[in-house]
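Keep in mind it's a predicted model, so treat the numbers as computed, not measured.
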Amino acid sequence: MDNDEIKRIRKLSQQYAYDSIQMHEAIALKAGLSGTDHKYLGFLIVKGQMTAGELSKLTGLTTGAITGLIDRFEKKKLVKRQFAKDDRRKVIINPNIKNIMALLEPLFREFGKKSEELIASFSSKEIKIIETYFLKAIEIMNETTNKLNNR
């Protein structure tokens with residue numbers, strides 16, 4: 001691969017990231033959330049219930065910021081706080097997946113359908129190449145994040 005091809009792909013990757021941010025901000029605004037709050041809901045959808053401390057580590061937010069985040073989510077009935085039976089200082093955040101999906105699914109419906117159609121248009125060999133790229137790119141991003149966070 002020559003330098004021009006590398007530059008072209010990097011530029012496309014950057015544009016994809018920028019456009020993704022804009023789309024998620026627009027979706028979040030329609031859902032009455034901030035863009036970051038919308039993405040933090042994604043953590044709860046994927047990972048399920050977790051402690052406030054775990055969410056703090058996952059997001060990089062301070063415990064004070066997490067408290068505000070949970071307050072905003074609880075107000076919209078997207079999560080429920082629960083105190084751990086063994087340690088009442090520990091707060092467990094239980095996502096209300098039904099309410100979260102009712103809020104977000106209509107906003108993602110068309111995007112999801114078109115994305116699935118796009119993926120289906122590729123051959124199995126092409127899908128494997130795309131999958132390999134994403135897996136390696138995610139690994140590089142996680143390494144960079146961990147270095148920056150001194151983990």
Side-chain angles (χ1 to χ4, degrees), residues 1-31 33-70 72-73 76 78-82 84 90-151:
M1 186 178 282
D2 66 28
N3 269 351
D4 288 340
E5 287 175 317
I6 292 170
K7 285 180 184 176
R8 193 174 72 245
I9 296 301
R10 285 185 53 86
K11 192 171 185 172
L12 281 171
S13 180
Q14 289 171 340
Q15 188 63 51
Y16 179 84
Y18 300 149
D19 290 349
S20 178
I21 290 168
Q22 289 177 318
M23 182 194 74
H24 286 284
E25 284 290 335
I27 287 170
L29 188 63
K30 283 283 187 192
L33 303 166
S34 75
T36 52
D37 284 5
H38 157 60
K39 296 311 292 178
Y40 298 146
L41 267 181
F43 288 140
L44 290 164
I45 292 168
V46 171
K47 303 236 182 227
Q49 86 171 17
M50 64 181 76
T51 67
E54 289 168 336
L55 186 57
S56 175
K57 276 187 182 172
L58 191 60
T59 61
L61 295 174
T62 65
T63 53
I66 288 294
T67 299
L69 178 72
I70 297 167
R72 291 189 298 279
F73 287 166
K76 292 182 174 290
L78 302 174
V79 302
K80 188 170 175 117
R81 281 182 173 96
Q82 177 183 333
K90 189 185 291 186
V91 176
I92 299 168
I93 306 160
N94 286 307
N96 184 327
I97 301 298
K98 182 180 172 191
N99 287 357
I100 294 170
M101 296 312 287
L103 177 66
L104 297 179
E105 197 278 329
L107 301 171
F108 275 101
R109 189 175 294 129
E110 184 178 351
F111 172 75
K113 182 178 181 272
K114 287 181 177 182
S115 294
E116 287 177 12
E117 289 170 358
L118 175 62
I119 292 165
S121 74
F122 293 105
S123 70
S124 293
K125 185 177 179 183
E126 291 169 322
I127 292 292
K128 198 68 180 157
I129 292 167
I130 294 167
E131 182 181 30
T132 299
Y133 169 79
F134 276 117
L135 288 170
K136 290 181 179 182
I138 290 167
E139 188 177 314
I140 292 167
M141 281 192 275
N142 286 333
E143 286 174 8
T144 302
T145 301
N146 289 336
K147 281 182 185 174
L148 292 170
N149 289 333
N150 297 317
R151 289 187 199 161

Check your understanding: Where is the tightest heavy-atom contact between Ser56 and Leu61, given as atom of each residue plus distance?
Key ->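 Smallest interatomic distance, heavy atoms only, reads OG-O, 2.5 Å.
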Check your understanding: Going by an N to O cut-off under 4.0 Å, is there a salt bridge joining Glu143 and Lys147?
Key ->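 Between Lys147 and Glu143 there is no salt bridge, as every charged N stays at least 4.0 Å from the carboxylate O atoms.
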**Study point:** Sidechain N-carboxylate O distance under 4.0 Å for Glu117, Lys114
**Key:**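 Lys114 and Glu117: not salt-bridged.
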Point to revise | Side chain to side chain, Met50 and Leu44, heavy atoms closer than 4.5 Å | key: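 Yes - at least one pair of side-chain heavy atoms lies under 4.5 Å apart.
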Point to revise | 4.5 Å side-chain heavy-atom contact, Phe73 and Asn96 | key: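 Answer no - side chains too far apart.
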Check your understanding: How many angstroms lie between OG1 in Thr36 and CD in Glu25, if you round to the nearest 0.5 Å?
Key ->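 Interatomic distance, Thr36 OG1 to Glu25 CD, rounded to 0.5 Å: 7.0 Å.
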**Study point:** Asn99 CG to Lys76 NZ distance, which is reported to the nearest 0.5 Å
**Key:**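 Atom-to-atom, Asn99:CG and Lys76:NZ are 11.5 Å apart.
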Check your understanding: Is Ser13 reaching over with its side chain to a backbone N or O of Ile9, donor-acceptor style, under 3.5 angstrom?
Key ->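 Checked: no pair found.
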Point to revise | Flag, side chain of Thr144 to backbone of Ile140, donor-acceptor distance under 3.5 Å | key: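 Indeed, once roles are kept as given, a pair shorter than 3.5 Å links the two residues.
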Point to revise | Crowding at CD, Gln14 (>12 non-hydrogen neighbours, <6.0 Å) | key: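 For Gln14, atom CD is crowded (more than 12 foreign heavy atoms under 6.0 Å).
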Point to revise | ring-ring contact (aromatic ring centres under 6.0 Å, His included) against Phe122, all qualifying residues, sequence neighbours excluded | key: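 For Phe122, no residue satisfies ring-ring contact (aromatic ring centres under 6.0 Å, His included) once neighbours in sequence are set aside.
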Practice item. Could you go through the side chain to side chain contact (heavy atoms under 4.5 Å, CB included) check for Leu33 and Arg72 one step at a time? Key: CA-CA 9 Å; Leu33 303 166; Arg72 291 189 298 279; over 6 Å; no
